[in-house]
Amino acid sequence: MSPKVPVVSVVVPTYQHAAYIEQCLEGILMQKTSFPVEILVGEDESTDGTREICERYAAQYPDKIRLFLRDRKDVMMIMGQATGRANLQRLMQEARGKYVALCEGDDYWIDPMKLQHQVGAMEADQLSAACFTGAWRETDGNRSLFYDGRFATTPAGSVELTDFLVGQAIPLCTVLVRRGLLFPLPEQWYVAPGGDTVLWVHLLRKGPFTFLPEVTAVYRVHPGGIFSMRRASHKLRARIMNLQLVETMVGEPYGALVATRLRKLLLQGWDVSQKEHDTELARLTWKGLLKHRSWAGWNLATTTRNFGKAYIPKVEKYLSRILESKG
């Protein structure tokens, strides 16, 4: 490794990304900066050739890449799913730079000036906790803007905690953060289905995020993605859990804001659970809506019947048929 202390540490957690990791690393290696950069790659014991590719790149660029070979026995399970959370945590802890840039192994950068511009923006505004940019969303080789106005709205200048809590999306592969603000990580980060959601709240409590409108990266949606290709019910369940955890983090004066968003998500989740016959989601959303019965428009009878739909659906259907036949 170079004796120079890096200004930016780029952390790259990767697992089963053989088809993508080269493009990811090349996008980082092409960065043109006036300061030293280190690349920390955490390879989570892939079986598809990802590890071999990472080892080749580390051998080719020993002055730039620090490779950490992980063991599957150390992975962190969340919602019954193996995640790269432990890998990411250890990478961030190993980072030496003033700033930490994030890019998972299946995403990639397309702008060689990304880091230079982001560091410049952060140096110009010492109050900013992080900086992020525009991005492409890529599915099956087809790109659409991440901030397309349908799924995500373009930020207006800097982003405050309130903006994020009402729904502002932030693509992880574009984010640069001040390393000194990362640790200690909140306890919610270790159990949240969406670690980035909790991480952004954690950092936004310490300062706003600067937004640069240029498109610098590509967020890839593919069948191997941990979250992006999950069923709608799984995504809703994860979002509900994330918001419940966020609610424990922010308190007043943001509690009411999070509660309103959570109620809407719970009601949406209840509707999805009934359409998809997802008992687990039904039970999760019924518990949440029980505290907000009047808001949801549930009287005592409706609440009781919905309890049956969530916990004893076969009995509830049987009773409903009897009542309908007598009606």
Next on the checklist: Show, in sequence, the C-alpha distance, side-chain angles and deciding distance for M241 and I78, and conclude whether the side chain to side chain contact (heavy atoms under 4.5 Å, CB included) test is met.
Outcome noted: CA-CA 11 Å; M241 290 181 67; I78 299 176; over 6 Å; no
Between [Y] and [X], is there a side-chain donor-acceptor contact under 3.5 Å, judged purely by atom types and distance?
| X | Y | answer |
| --- | --- | --- |
| K264 | Q268 | no |
| Q16 | T47 | yes |
| T50 | E43 | no |
| R85 | Y190 | no |
| Y99 | E123 | yes |
| E26 | Y57 | yes |
| T303 | N306 | no |

Validation: residues 147-161 side-chain donor-acceptor distances under 3.5 Å, sequence neighbours left out:
from, atom 1, to, atom 2, distance (Å)
Y147, OH, A169, O, 2.7
D148, OD1, R150, N, 2.9
D148, OD1, F151, N, 3.0

Item to check | Non-hydrogen side-chain atoms of P13 and L91 separated by less than 4.5 Å | outcome: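 Touching, per the 4.5 Å side-chain cut-off.
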Below 4.0 angstrom, N of the basic side chain to O of the carboxylate: do [X] and [Y] qualify?
| X | Y | result |
| --- | --- | --- |
| E38 | K64 | no |
| D278 | R237 | yes |
| R261 | E247 | no |
| E138 | R220 | yes |

Checklist entry - So does D140 have more than 12 non-hydrogen atoms from other groups sitting under 6.0 Å from CG? => result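 Check fails, neighbour count at 12 or below.
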Checklist entry - Under 6.0 Å from the CD atom of Q60, do we count more than 12 heavy atoms belonging to anything else shown? => result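 Yes.
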With clusters defined by side-chain heavy atoms of hydrophobic residues (ILVMFWY) lying less than 4.5 Å apart, directly or transitively, does [Y] cluster with [X]?
| X | Y | result |
| --- | --- | --- |
| Y108 | V10 | no |
| V166 | W295 | yes |
| V12 | I65 | yes |
| L172 | V218 | no |

Checklist entry - When you look at T216 and W109, which way does the side chain to side chain contact (heavy atoms under 4.5 Å, CB included) test go after all the steps? => result CA-CA 6 Å; T216 69; W109 297 348; 5.6 Å; no
Checklist entry - So is R137 actually on top of F146's ring, under 6.0 Å and inside 45° of the axis? => result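 Yes, R137 sits over the ring of F146.
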Checklist entry - Within 45° of the six-membered ring axis of Y15 and under 6.0 Å from that ring's centre, is NZ or CZ of R70 located there? => result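 Checked: cation-pi criterion not met.
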Quick check: does any side chain N or O of [X] sit under 3.5 Å from a backbone N or O of [Y], one acting as donor and the other as acceptor?
| X | Y | value |
| --- | --- | --- |
| R51 | S46 | no |
| Q118 | T174 | yes |
| Q116 | S34 | yes |
| T14 | G105 | no |
| N299 | T302 | yes |
| S9 | R96 | yes |
| H202 | L182 | yes |
| S128 | A130 | no |

Checklist entry - If you take all heavy atoms of L67 and A58, which pair is closest and at what distance? => result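 Smallest interatomic distance, heavy atoms only, reads CB-CB, 3.9 Å.
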Item to check | Those residues that, when tested against W270, pass ring pair (Phe, Tyr, Trp, His ring centres under 6.0 Å) (two or more places apart) | outcome: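 Ring pair (Phe, Tyr, Trp, His ring centres under 6.0 Å) check on W270 returns W298.
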Checklist entry - side chain to side chain contact (heavy atoms under 4.5 Å, CB included) between M76 and Q81: does it pass, once the steps are laid out? => result CA-CA 8 Å; M76 194 177 295; Q81 177 76 37; over 6 Å; no
Item to check | Name of the residue among L102, N87, V41 meeting side-chain contact (heavy atoms from CB on, under 4.5 Å) with V11 | outcome: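 One option only clears the test, and that one is L102.
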Checklist entry - After noting the C-alpha distance and the side-chain angles of Q31 and K114, does the key distance pass the side chain to side chain contact (heavy atoms under 4.5 Å, CB included) rule? => result CA-CA 7 Å; Q31 292 298 300; K114 175 187 183 294; 3.5 Å; yes
